[in-house]
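What follows is a short report on a single structure.
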Amino acid sequence: MTNQTAKVNKMKEERTYRDDVFDVTRLIPAGRATTYGHIADYLALGSARMVGWALNKSFDTGYTIPAHRVVNRKGELSGRAHFSPPSLMQEKLEAEGIKVVDDKIVDFKNVLWIPADELHF
DNA sequence: GTGATGACGCAGT
DNA sequence: GACTGCGCCATCA
């Protein structure tokens, strides 16, 4: 067991705001997308940066979550650089029926999924 | 302990 | 509508 694995196990034991972010992200239905701000608002994180930070660490923790369905408020794939290859994010979105042009979701408001509204919380 | 950084958002111009 | 500056909070060097 590597230090990395031990670190992951520790993170799995302790439930932090990251787990909440992962949980909400997994609830996003295929073909839809949401924003960092809406997730931050739904979880009352106080800052959208925390959501992006949590998703960034999600790769390190080994969690497999549809992070490609989370974009910034303009519908831009601002997190694509953290995928390997970066084009993977767009490919996954297009595979789910979401059209992406110039690293931006086409008709974003139509595919926007708001947790606070959809989950009736 | 302190300063810098980050997959962002909002208000002001 | 586009650009800039500031705030947000956790993590890392």
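Just the heavy atoms: all of them, side chains too, but no hydrogens, waters or symmetry mates, feed the values below. Given the structure is predicted, the values throughout are model-derived calculations rather than measurements. All chains are named by letter (A, B, ...) in the order of the sequence lines, taking the proteins before the strands, and each is independently numbered beginning at 1.
- Annotation: side chain of Val21(A) is not in contact with side chain of Trp53(A) (no heavy-atom distance under 4.5 Å).
- Atoms CD1 and CZ, on Ile28(A) and Arg69(A) in that order, are 7.0 Å from each other to the nearest 0.5 Å.
- Listed nucleotides: dG9(B), dA7(B), dC9(C). Nearest to the side chain of Asn72(A): dG9(B).
- Rounded to a whole Å, the OH atom of Tyr42(A) is 20 Å from the C1' atom of dC8(B).
- Rounding to whole angstrom units, CG of residue Leu93(A) and C1' of dA7(B) are separated by 13 Å.
- Atom C1' of nucleotide dA7(B) and atom CD1 of Ile65(A) are separated by 11 Å, given to the nearest angstrom.
- Rounded to a whole Å, the CG atom of Leu43(A) is 14 Å from the P atom of dC9(C).
- Side-chain contact between Leu43(A) and Met50(A): absent, with no pair of heavy atoms (C-beta onward) separated by less than 4.5 Å.
- Leu77(A) comes within contact range of no nucleotide atom at all, as no heavy-atom separation falls under 4.0 Å.
- Between the side chain of Arg49(A) and the base of dG9(B), no donor-acceptor pair of N or O atoms lies under 3.5 Å.
- Spacing between atom CH2 of Trp53(A) and atom P of dA10(C) amounts to 11 Å, rounded to whole angstrom units.
- An OP1 or OP2 oxygen of dC8(B) is reached within less than 4.0 angstrom by no side-chain nitrogen or oxygen of Thr35(A).
- Side-chain contact between Val24(A) and Asp20(A): absent, with no pair of heavy atoms (C-beta onward) separated by less than 4.5 Å.
- Closest contact between the side chain of Met50(A) and the listed nucleotides dA7(B), dA10(C), dC8(B) involves dA10(C).
- Atom C1' of nucleotide dA7(B) and atom CZ of Phe22(A) are separated by 13 Å, given to the nearest angstrom.
- Ala67(A) comes within 4.0 angstrom of a base, heavy atoms only.
- Nucleotide dT5(B) holds its P atom 15 Å from the NE2 atom of His82(A), rounded to whole Å.
- The aromatic rings of Phe83(A) and His68(A) stand perpendicular to each other, their planes meeting at an angle above 60°, with 30° marking the opposite boundary.
- Leu45(A) places its CG atom 13 Å from the P atom of dG9(B), with the value rounded to the nearest Å.
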